[in-house]
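Heads up: the structure comes next, in structure tokens.
Everything quoted here is computed from the prediction, not taken from an experiment.
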Amino acid sequence: MSTPLLVQALAALSAPALAGATVLGLRTRRERAEAAGERERLRARVAELEERCAELQRTASCDPLTGVWNYRHLQLTLDREIERARRAEHTDQADGPRPLAVLLLEITGFDAVIAEHGRARGNAILRDLAQRLAMEIRRADTLGRYSGQEFLVVLPDTGAEGAAQVAERLVWSVRRHLLLDWSSGTRAPRPAHGNGLTAAAGVAVLPEDGTHAAVLLRAADAALAEARAAGGDCWRAVPRPAQRPTGRREQAASVTEGAATAEGDRSGKAGSLSACTGGDPLSQPVASHTPATVAVPRDALS
């Protein structure tokens, strides 16, 4: 066979193979493009699901009315911090549990606010006040709504003295907080004797007042009851057995002293332990505490 005929025969035989290879290449390219598009759709779907999951976690942990952590998140946080504090007791770097304090804060005076402005505006005022209180604590601390108008603050690495400073600052902030104003004119100045809202706070610390969440909360609630009995607008720590009066004269002296202390707490000046002594805490930045990241997480007002 001559060379031209051989070339023609080879061309005729290779044409189907070349066409098949071309079709296969096109199909492979199309499948790769489809796979790339599917990967992009999957990435977008995963990002959407992650965003929804984060939203669900945030919703499950935050109080929808006030925008701070809810009761469930407070319980989980308190259990975690207690376990963390107790673990430090077994390390070589600590002689005992790491300090931990809880502060139970009850706000009173909202009945008058609701009577004057209505429940919807009362809820808005409560939310605004909760956001303000969240700015008065450190980022490492946790503030949440414990019940209707009660808030719980978990203070890691904080002893009795530090907890007393936080309690006094929060009580002061409630009294002097400038409430929301819906008037169309010039905003009225802050009243000289407060805004009509007061707070009573109870402080309990670990391990002196308990080493379990239920015991600490019970101790803080007992201290809150003492602050409430003293007239409110003040804070109280858990009474130690040596501090409890035994006779009628000691009881009378204790009541008189408690009333005097409560009256001093209701004065227009910050207390001696306050970080804002000598000025209005709402007009000064808080040096030792940075604003908390308030997520949004039992309701007397809702």
Side-chain angles (χ1 to χ4, degrees), residues 54 57-58 60-63 66 68-106 130 133-147 150-171 199-228 235-244 273 275 286-298:
Q57 289 178 345
R58 183 183 65 82
S61 300
C62 300
D63 178 53
T66 60
V68 296
W69 299 113
N70 62 8
Y71 179 84
R72 173 181 175 273
H73 184 83
L74 287 172
Q75 288 284 359
L76 295 175
T77 301
L78 182 57
D79 290 338
R80 183 179 66 248
E81 292 297 338
I82 289 177
E83 182 62 26
R84 175 172 169 264
R86 294 175 64 182
R87 271 202 311 267
E89 186 177 9
H90 304 290
T91 64
D92 298 332
Q93 301 162 346
D95 298 330
R98 299 182 64 158
L100 173 69
V102 295
L103 191 155
L104 193 57
L105 185 79
E106 181 183 54
L133 293 177
M135 296 177 64
E136 292 292 338
I137 62 174
R138 302 171 302 179
R139 191 176 297 274
D141 302 334
T142 302
L143 179 141
R145 193 179 183 198
Y146 190 69
S147 64
E150 290 184 348
F151 294 87
L152 181 69
V153 187
V154 181
L155 303 167
D157 301 318
T158 304
E161 184 178 353
Q165 293 178 358
V166 176
E168 189 162 333
R169 182 163 61 250
L170 293 183
V171 170
V203 175
V205 295
L206 181 146
E208 291 85 351
D209 302 322
T211 57
H212 297 276
V215 180
L216 275 177
L217 291 175
R218 193 181 305 122
D221 191 51
L224 173 61
E226 288 208 357
R228 194 185 300 121
W235 62 272
R236 290 291 183 269
V238 177
R240 302 289 183 261
Q243 297 175 349
R244 290 178 181 143
L273 293 177
V286 181
S288 60
H289 286 67
T290 57
T293 302
V294 200
V296 180
R298 293 172 14 194

Problem set entry | Test log, rule side chain to side chain contact (heavy atoms under 4.5 Å, CB included), inputs Arg84 and Asp157 | CA-CA 10 Å; Arg84 175 172 169 264; Asp157 301 318; 3.5 Å; yes
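- Considering every non-hydrogen atom in both Val215 and Gly210, the closest pair reads CG1-CA, 3.7 Å.
- Shown are Leu76, Leu206, Leu100, Asp141; of these, the side-chain contact (heavy atoms from CB on, under 4.5 Å) with Glu81 is made only by Leu100.
- The side-chain contact (heavy atoms from CB on, under 4.5 Å) test with Asp221 singles out one residue from Leu216, Val102, Leu104, and that residue is Leu104.
- In terms of modelled atom types and a separation under 3.5 Å, the side chain of Arg138 and the main chain of Pro156 share a donor-acceptor contact.
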Exercise. Going through the checks in order, is the side chain to side chain contact (heavy atoms under 4.5 Å, CB included) test met by Glu150 and Leu224?
Worked result: CA-CA 10 Å; Glu150 290 184 348; Leu224 173 61; 3.9 Å; yes
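- Considering every non-hydrogen atom in both Ala204 and Ala220, the closest pair reads CB-N, 3.7 Å.
- In this structure the side chain of Leu170 never reaches within 4.5 angstrom of the side chain of Phe151, judged on heavy atoms.
- For the atom pair CG of Leu152 and CD of Glu106, the computed distance is 13.0 Å after rounding to the nearest 0.5 Å.
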Exercise. What's the verdict on side chain to side chain contact (heavy atoms under 4.5 Å, CB included) for Leu155 and Val205, showing C-alpha distance, side-chain angles and the deciding distance?
Worked result: CA-CA 9 Å; Leu155 303 167; Val205 295; over 6 Å; no
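- The backbone N or O of His73 lies less than 3.5 Å from a partner atom in the side chain of Thr77, making a donor-acceptor pair.
- Contact record, Arg236 with Glu226: CG-C, 4.0 Å, taken as the closest heavy-atom pair.
- Residues Ala164 and Trp235 share a closest heavy-atom pair of CB-CH2, 3.4 Å.
- The CG atom of Asp209 lies 12.0 Å from the CZ atom of Arg218; values are rounded to the nearest 0.5 Å.
- Across Val203 and Ala167, no two heavy atoms sit closer than the pair CG2-CB, 3.9 Å.
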Exercise. Would Leu78 and Thr142 satisfy side chain to side chain contact (heavy atoms under 4.5 Å, CB included), going step by step from the backbone distance to the final call?
Worked result: CA-CA 9 Å; Leu78 182 57; Thr142 302; over 6 Å; no
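- Taking the side chain as every heavy atom from C-beta outward, Thr158 and Gln165 never approach each other to under 4.5 Å.
- Interatomic distance, CD1 of Ile82 versus CZ of Arg98, reported as 14.0 Å (0.5 Å rounding).
- For the pair Arg86 and His212, the minimum side-chain heavy-atom distance is below 4.5 Å.
- When every heavy atom of Leu103 is checked against every heavy atom of Ala163, the shortest pair comes out as CD1-O, 3.9 Å.
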